[in-house]
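Here, residue 1 is the first one in the sequence, and each next residue gets the next number. Fair warning: this is a prediction, and the values are worked out from it, not measured in the lab.
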Amino acid sequence: MWTGRVLRVALSGAPRDRRAQSALAQLRGILEGELEGIRGAGTWKSERIITSRQGPRIHVDGASGGILNFCANNYLGLSSHPEVIQAGLHALEKFGAGLSSVRFICGTQSIHKDLERKIAHFHQREDAILYPSCFDANAGLFEALLTPEDAVLSDELNHASIIDGIRLCKAHKYRYRHLDMAHLEAQLQEAQKHRLRLVATDGAFSMDGDIAPLREICQLASRYGALVFVDECHATGFLGPTGRWEHRAPAALGRASEGGGTDELLGVMDQVTIVNSTLGKALGGASGGYTTGPGPLVSLLRQRARPYLFSNSLPPAVVGCASKALDLLMESNAIVQSMAAKTQRFRSKMEAAGFTISGSNHPICPVMLGDARLASCMADDMLKRGIFVIGFSYPVVPKGKARIRVQISAVHSEEDIDRCVEAFVEVGRLHGALP
């Protein structure tokens with residue numbers, strides 16, 4: 001039998017339950033509407049499931065046989081390099097699976113400090129600091145460094161992590177048109193009233209494969225008393241005279257050596273103040289990011305950068321893999337030279353077939369198609385022919401500029417390159433992208 005008090009409690013809870021259910025139903029309706037809009041626009045992103053290790057040839061769930069992978073950031077093929085894997089296993093066995101701690105409590109091992117020193121030496125900077133990812137490095141930098149007295153000037157096509165990092169800081173924010181030096185100069189003139197001025201740019205832009213004009217940026221920064229920050233995620237390890245492709249012409253990149261970035265490529269290493277980059281692409285492909293630059297800046301980041309202070313340390317296996325990847329790059333330039341030659345082979349053959357390939361001679365080779373559905377459908381048909389590529393469309397790239405982004409790796413063979421081009425020609429004709 002219900003007592004009066006129990007009955008009142010039961011009845012009073014019922015409206016709350018109904019309101020909670022109503023709120024959840026409202027949320028579901030909103031979310032389903034958003035998702036249907038994405039599907040209707042042809043910009044839905046499906047995740048293909050890989051059932052093998054990363055490499056030039058992979059196995060994909062639902063696809064028969066081996067698949068050629070042309071969409072990984074595995075530029076130098078080090079993700080599955082036997083020496084990199086062995087270094088990771090050794091670090092796992094010696095230092096354990098993880099630290100269960102942030103760095104400043106009990107999460108710093110000797111291998112973390114060794115890798116930071118190695119990164120600073122590699123980039124010819126004073127010091128370096130590790131993060132769980134370069135997204136975290138970008139999230140931590142601007143807020144810790146810049147105040148309401150300062151200004152940051154950002155290329156409009158900078159990576160989302162740079163944009164989000166800048167949003168977190170309280171500095172005055174200026175945005176200049178992509179690679180437009182006249183507009184940057186005008187913004188620098190406007191920003192003269194602020195204490196510090198920091199120009200922020202990607203070194204290599206990941207969606208278009210073009211290179212920031214760092215010589216001109218640094219000249220303007222010098223003229224107007226600004227600092228320069230470069231995100232080198234799609235350059236570290238394979239651009240510049242020592243890792244690194246040598247710049248032979250404004251729109252062409254040439255031979256290689258070990259692997260630094262666009263600041264070295266363009267001869268301005270001593271003029272770029274801060275470099276952020278990743279361990280998750282050319283340098284082993286696992287995870288992790290870093291900032292390298294002046295010693296006092298790195299010391300400040302250890303005290304104030306929230307992603308560093310409140311994130312667990314990088315796992316030892318990741319640190320071991322990245323450290324070995326850097327060793328391999330500093331020992332030989334053969335891997336980078338191979339990638340440069342294969343990039344040129346792909347670009348020249350695709351352009352001869354009638355495709356438009358965006359960017360400089362970077363291993364990011366965007367096949368420009370324009371229409372989002374076309375890019376998605378062509379990518380699906382490429383997979384049926386044994387080629388793994390992905391279509392990119394809005395909001396990842398601007399509306400009307402959908403493309404399939406092909407990425408060349410040093411471990412692709414010439415036969416792999418030729419097979420990819422042949423599949424593109426066949427699928428392009430099938431969908432009317434080629435005559």
Side-chain angles (χ1 to χ4, degrees), residues 47 49-61 69 72-123 127-137 139-140 232-233 236-238 243 258-259 276-292 298 301-302 305 307-332 335-336 409-411:
E47 296 181 0
I49 300 172
I50 298 173
T51 59
S52 64
R53 65 175 57 182
Q54 184 63 276
R57 293 165 188 81
I58 58 177
H59 292 279
V60 178
D61 188 33
N69 189 3
N73 297 314
N74 188 25
Y75 296 114
L76 301 178
L78 298 180
S79 296
S80 298
H81 191 287
E83 291 185 50
V84 172
I85 292 173
Q86 191 57 44
L89 290 172
H90 175 73
L92 180 67
E93 292 171 354
K94 182 175 181 180
F95 292 98
L99 277 298
S100 304
S101 173
V102 299
R103 286 284 299 270
F104 79 92
I105 298 179
C106 59
T108 297
Q109 293 174 314
S110 57
I111 52 173
H112 294 97
K113 300 303 293 183
D114 290 344
L115 179 56
E116 287 170 338
R117 282 191 291 268
K118 190 174 293 187
I119 288 168
H121 174 73
F122 184 71
H123 285 279
D127 202 354
I129 177 174
L130 290 168
Y131 289 89
S133 69
C134 191
F135 203 112
D136 286 316
E232 294 282 41
C233 285
T236 297
F238 55 92
E258 294 146 16
N276 278 9
S277 194
T278 182
L279 307 175
K281 294 181 172 59
L283 301 183
S287 187
Y290 57 85
T291 295
T292 185
V298 171
L301 293 174
R302 292 193 196 280
Y308 178 83
L309 291 169
F310 299 104
S311 296
N312 266 20
S313 306
L314 273 182
V318 172
V319 176
C321 289
S323 186
K324 174 54 69 173
L326 281 170
D327 290 343
L328 292 171
L329 288 175
M330 291 187 282
E331 289 169 4
S332 171
I335 301 174
V336 187
S409 172
V411 287

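Proximity of L99 to P316: side-chain heavy atoms (C-beta onward) are separated by under 4.5 Å at one or more points. Put simply, the side chain of L130 reaches to within 4.5 Å of the side chain of I119, judged on heavy atoms. Side-chain contact check for L115 versus L326: some heavy-atom pair is nearer than 4.5 Å. Using a 4.5 Å heavy-atom threshold, the side chains of Q109 and V319 count as separate. Considering only heavy atoms from C-beta on, N74 stays 4.5 Å or farther from N69 through its side chain. Looking at C106 and S101, their side chains come closer than 4.5 Å, going by heavy atoms from C-beta outward.
Applying the side-chain hydrogen bond (donor to acceptor under 3.5 Å, both in side chains) test to every pair with at least one member in residues 315-328, sequence neighbours left out, gives these pairs: K118-S323, K118-D327.
Minimum interatomic distance between A410 and I335 (heavy atoms only, all atoms of both residues): CB-O, 3.3 Å. Looking at every heavy atom in both residues, F95 comes nearest to I111 through CE1-CG2, 3.3 Å. Across all non-hydrogen atoms, the minimal contact from S80 to I85 is O-CD1, 3.6 Å. Between G285 and S79, the shortest heavy-atom contact is CA-OG, 3.8 Å. Pairing each heavy atom of S287 with each of P132, the nearest pair is OG-O, 3.1 Å. The two residues G284 and A325 make their nearest non-hydrogen contact at N-CB, 3.9 Å.
Note that CG of L309 is 6.0 Å distant from CZ of F104, once rounded to the nearest 0.5 Å. Annotation: the span from L283 atom CG to F122 atom CZ amounts to 6.5 Å, rounded to 0.5 Å. With values rounded to the nearest 0.5 angstrom, N276 atom CG is found 9.0 Å from Y290 atom OH. For the atom pair C321 SG and Q86 CD, the distance stands at 10.0 Å (nearest 0.5 Å).
At a cut-off of 3.5 Å, with distance as the only test, a side-chain donor of T108 or R103 sits close to an acceptor on the other residue.
In R117, the CZ atom is crowded: over 12 heavy atoms of neighbouring residues, nucleotides or ligands sit closer than 6.0 Å. Atom NZ of K94 is surrounded by 12 or fewer heavy atoms from other residues, nucleotides or ligands within 6.0 Å.
No donor-acceptor pair closer than 3.5 Å links the side chain of S133 to the backbone N or O of G288.
Applying the side-chain contact (heavy atoms from CB on, under 4.5 Å) rule to T278 yields the partners C134, C233, K281; only residues at least two apart in sequence or on another chain are considered. Listed by chain and residue number, E116, Y308 satisfy the side chain to side chain donor-acceptor pair (under 3.5 Å) test with R302 (two or more places apart in sequence, or in another chain).
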> Going through the checks in order, is the side-chain contact (heavy atoms from CB on, under 4.5 Å) test met by L328 and L76?
Replying inline: CA-CA 10 Å; L328 292 171; L76 301 178; over 6 Å; no
